[in-house]
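This one's a predicted model, so the numbers in the text were calculated from it and none came from an experiment. Along the sequence shown, the residues carry numbers beginning at 1.
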Amino acid sequence: MRPHVAELAGLRERVLAGPSEKATAAQKAKGKLTVRERIGLLLDEGSFQEVEQLRRHRATGFGLEAKKPYTDGVVTGWGTVEGRTVFVYAHDFRIFGGALGEAHATKIHKIMDMAIAAGAPLVSLNDGAGARIQEGVTALAGYGGIFRRNTAASGVIPQISVMLGPCAGGAAYSPALTDFVFMVRETSQMFITGPDVVKAVTGEEITQNGLGGADVHAETSGVCHFAYDDEETCLEEVRYLLSLLPRNNRENPPQVPCDDPADRRCEALADLVPADGNRPYDMAKVVEEIVDDGEYLEVHQRWARNVICALARLDGQVVGIVANQPQTLAGVLDIEASEKAARFVQMCDAFSIPLVTLLDVPGFLPGVGQEHGGIIRHGAKLLYAYCDATVPRISLILRKAYGGAYIVMDSQSIGADLTYAWPTNEIAVMGAEGAANVIFRRQIAEADDPEARRAELVKEYKAELMHPYYAAERGLVDDVIDPAETRSVLIGALAMLRTKHAERPARKHGNPPQ
């Protein structure tokens, strides 16, 4: 037996070393880590268990029969992140450029099936050149199997795609089907058709990074949730995200001990948020003041900046925070902000993450471009997501909450479990100035001094319908609270709602707006 064991050990040593020193040097020259270095950074040290390490393709033609490297260009298996099981597959660009063939795809299908069956997160480390052209339609069928499994796993286990190299053509659709997409600047790109095809068809000249680089997808397209300067930082942040997510949809997110007192007063909030509704401020600082130790992970930080979506903890319990950002477009809702928040709400609901919504919204963004772009159906996505969510939902109105945007941002009327407000809140159909111009148009026009009369009527309207306790008097706000007590009130409400159970009507699935 010993000679056979020695032969196996030698074989494994060659597989772990990679296809050749030249291929490894080329990978390093691009500023990229090798596939096993990446897995080592993602998973707890020594925890990786590889599956089908000795798999080789069986294709023939175009010289493939003479080149049959082990792993077939993808490393698959499982390990742990902070002690919890995580499944992973990672392309090895040194072998066939990480291109997907039949054996390659079968390995990915198997590890995806194992992740779903085990109820554990799946992380893909993407660095591949797309379908293996030499294998023809067989390679394309392999992508179909991946997409089908991405869809089956959606809302069942967390799926995270990490882009560490090129991802072109049909291959880009798998990350788009997952919950989160990470990218690394300069070395990772995603696009359906590359720069050469774009130039041939449209005449436009553009670089790979200009077409589908990390910054483009983080700021313009919204395809990428997180973008980082290097692979080490990127993979460390993937580990942090996993620490905030449950293993599957049958578990709650992990709760951790918290040294930040639950009853800590947030005195700084009174100074952070101006009472004047027209003055901007940074909502991110409000979030930082409320959550445990000021730590949170913002999702899509650079896209649709007029709304903040973040994962954080309150008294050790993971929460999803949706908040208007008055620093950008005064915090209005537009097409992109509605889409961003809707998908985040759906993700939180799928994985039993309670929702805290912080409102300071003057309405939906007006304009021909927004209306023609479908703000009605895009805004309806956020409305649908909130109405459909069964997790604990708490809303807090800081200042303005006007019109349909107030309703959409998880108002009590669409199912928020609890709604709180600060003494600076203004809940109304529209701002006092606009309302007075509509209601009192004739009186203003007939007045000897229209401006003075307008100011008088605006003041009257505010006193009658927009004072801070108007909604509370009618049961639309559960309580008006001191801003300094925000943290303790939210934590107490979440503790009460922890055992919330909501019955849903029997149906195959809903038909959300698209």
Are Asp360 and Tyr281 close enough, and set up right, to give a side chain to side chain donor-acceptor pair (under 3.5 Å), and what steps lead you there? CA-CA 11 Å; Asp360 191 348; Tyr281 62 93; 2.7 Å; yes
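- Under 4.0 Å is where a charged nitrogen must lie from a carboxylate oxygen, and between Arg313 and Asp293 no such pair does.
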Just do the side chain to side chain donor-acceptor pair (under 3.5 Å) check on Glu503 and His501 with the steps written out, would you? CA-CA 7 Å; Glu503 291 290 342; His501 176 72; 3.0 Å; yes
Where do Ser488 and Asp263 land on the side chain to side chain donor-acceptor pair (under 3.5 Å) test, with the steps shown first? CA-CA 5 Å; Ser488 60; Asp263 59 355; over 6 Å; no
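- For the side-chain contact (heavy atoms from CB on, under 4.5 Å) with Tyr89, the qualifying choice from Ile39, Thr76, Val75 is Thr76, the only one to do so.
- The CZ atom of Phe226 sits 9.0 Å away from atom CD of Glu298, with the distance rounded to the nearest 0.5 Å.
- At least one donor-acceptor pair under 3.5 Å links the side chain of Arg149 to the backbone N or O of Gly145.
- Between Glu50 and Arg12, none of the side-chain N atoms (NZ, or NE/NH1/NH2) sits under 4.0 Å from a carboxylate O, so this pair counts as no salt bridge.
- Expressed to the nearest 0.5 Å, how far CG of Asp315 lies from CD1 of Ile491 amounts to 4.5 Å.
- Remark: the Asp478 side chain and the Gln412 side chain contain an N/O donor-acceptor pair separated by less than 3.5 Å.
- For the atom pair Phe180 CZ and Gln159 CD, the distance stands at 11.0 Å (nearest 0.5 Å).
- A salt bridge does not link Asp72 to Arg55: none of the charged nitrogens lies less than 4.0 Å from a carboxylate oxygen.
- Here CD1 of Ile335 is found 10.5 Å from CZ of Phe364. Values are rounded to the nearest 0.5 Å.
- Contact record, Leu358 with Met409: O-CE, 4.4 Å, taken as the closest heavy-atom pair.
- Using modelled atom types, one finds no donor on one side chain facing an acceptor on the other under 3.5 Å when comparing Thr85 with Thr80.
- Note that the OG atom of Ser174 and the CG atom of Asn126 stand 6.5 Å from one another [nearest 0.5 Å].
- Rounding to the nearest 0.5 Å gives a distance of 10.5 Å between CG of Leu272 and CE of Met283.
- Among all heavy-atom pairs drawn from Phe344 and Cys309, the shortest one is CG-CB, 3.6 Å.
- If you check the side chains of Asn306 and Asp334, you find a donor sitting under 3.5 Å from an acceptor.
- Each of Thr419, Asp410, Thr357 was compared with Arg393 under the side-chain hydrogen bond (donor to acceptor under 3.5 Å, both in side chains) criterion, and only Asp410 meets it.
- Side-chain atoms of Glu426 and Tyr402 form a donor-acceptor pair, as typed in the model, at a separation below 3.5 Å.
- Remark: Lys110 engages Glu52 in a salt bridge, criterion side-chain N to carboxylate O under 4.0 Å.
- A salt bridge links Arg265 with Asp482: the closest approach of a Lys/Arg side-chain nitrogen to an acidic carboxylate oxygen falls below 4.0 angstrom.
- Side-chain atoms of Asp349 come within 3.5 Å of backbone atoms of Thr390 as a donor-acceptor pair (strictly under, hydrogens ignored).
- When atom types are taken as modelled, the side chain of Asp44 and the backbone of Glu82 share a donor-acceptor pair closer than 3.5 angstrom.
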Test side-chain contact (heavy atoms from CB on, under 4.5 Å) applied to Leu396 and Val356, step by step: CA-CA 8 Å; Leu396 172 65; Val356 174; 5.7 Å; no
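- With salt bridges taken as basic N to acidic carboxylate O contacts below 4.0 Å, one links Lys28 and Glu37.
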So Val273 and Trp422, side-chain contact (heavy atoms from CB on, under 4.5 Å) or not? Walk me through it. CA-CA 11 Å; Val273 182; Trp422 286 0; 3.6 Å; yes
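- Across Gly119 and Asn248, no two heavy atoms sit closer than the pair O-ND2, 2.8 Å.
- Comment: Asp292 does not engage Arg264 in a salt bridge, judged by the lack of any side-chain N to carboxylate O separation of less than 4.0 angstrom.
- A pairwise comparison of heavy atoms in Pro274 and Pro280 identifies CG-O, 4.0 Å as the closest pair.
- Other residues, nucleotides and ligands place more than 12 heavy atoms under 6.0 Å from the CZ atom of Phe48.
- Side chain of Thr220 to main chain of His217: no donor-acceptor pair is present (N/O by atom type, distance under 3.5 Å, no hydrogens or angles).
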In sequence, state the C-alpha distance, the side-chain angles, and the governing distance for Phe182 and Leu241, and then conclude on side-chain contact (heavy atoms from CB on, under 4.5 Å). CA-CA 11 Å; Phe182 287 73; Leu241 173 59; 3.7 Å; yes
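- Between Thr34 and Arg94, the shortest heavy-atom contact is CG2-NH1, 4.0 Å.
- Note on Lys32 versus Glu186: no salt bridge recorded, every NZ/NE/NH1/NH2 to OD/OE distance being 4.0 Å or above.
- Taking a cutoff of 4.0 Å between a charged side-chain nitrogen and a carboxylate oxygen, Asp388 and Arg504 qualify as a salt bridge.
- Salt-bridge formation is detected for the pair Arg302/Asp215: a Lys NZ or Arg NE/NH1/NH2 atom is positioned less than 4.0 Å from an Asp or Glu carboxylate oxygen.
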Verify side chain to side chain donor-acceptor pair (under 3.5 Å) between Asp282 and Gln325, making sure each step is shown before the conclusion. CA-CA 7 Å; Asp282 188 357; Gln325 174 55 289; 2.9 Å; yes
Verdict with supporting geometry, Leu398 and Leu359, side-chain contact (heavy atoms from CB on, under 4.5 Å): CA-CA 6 Å; Leu398 281 64; Leu359 284 86; 5.9 Å; no
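- With hydrogens and angles ignored, the 3.5 Å screen pairs a side-chain donor or acceptor of Gln27 with a backbone N or O of Leu33.
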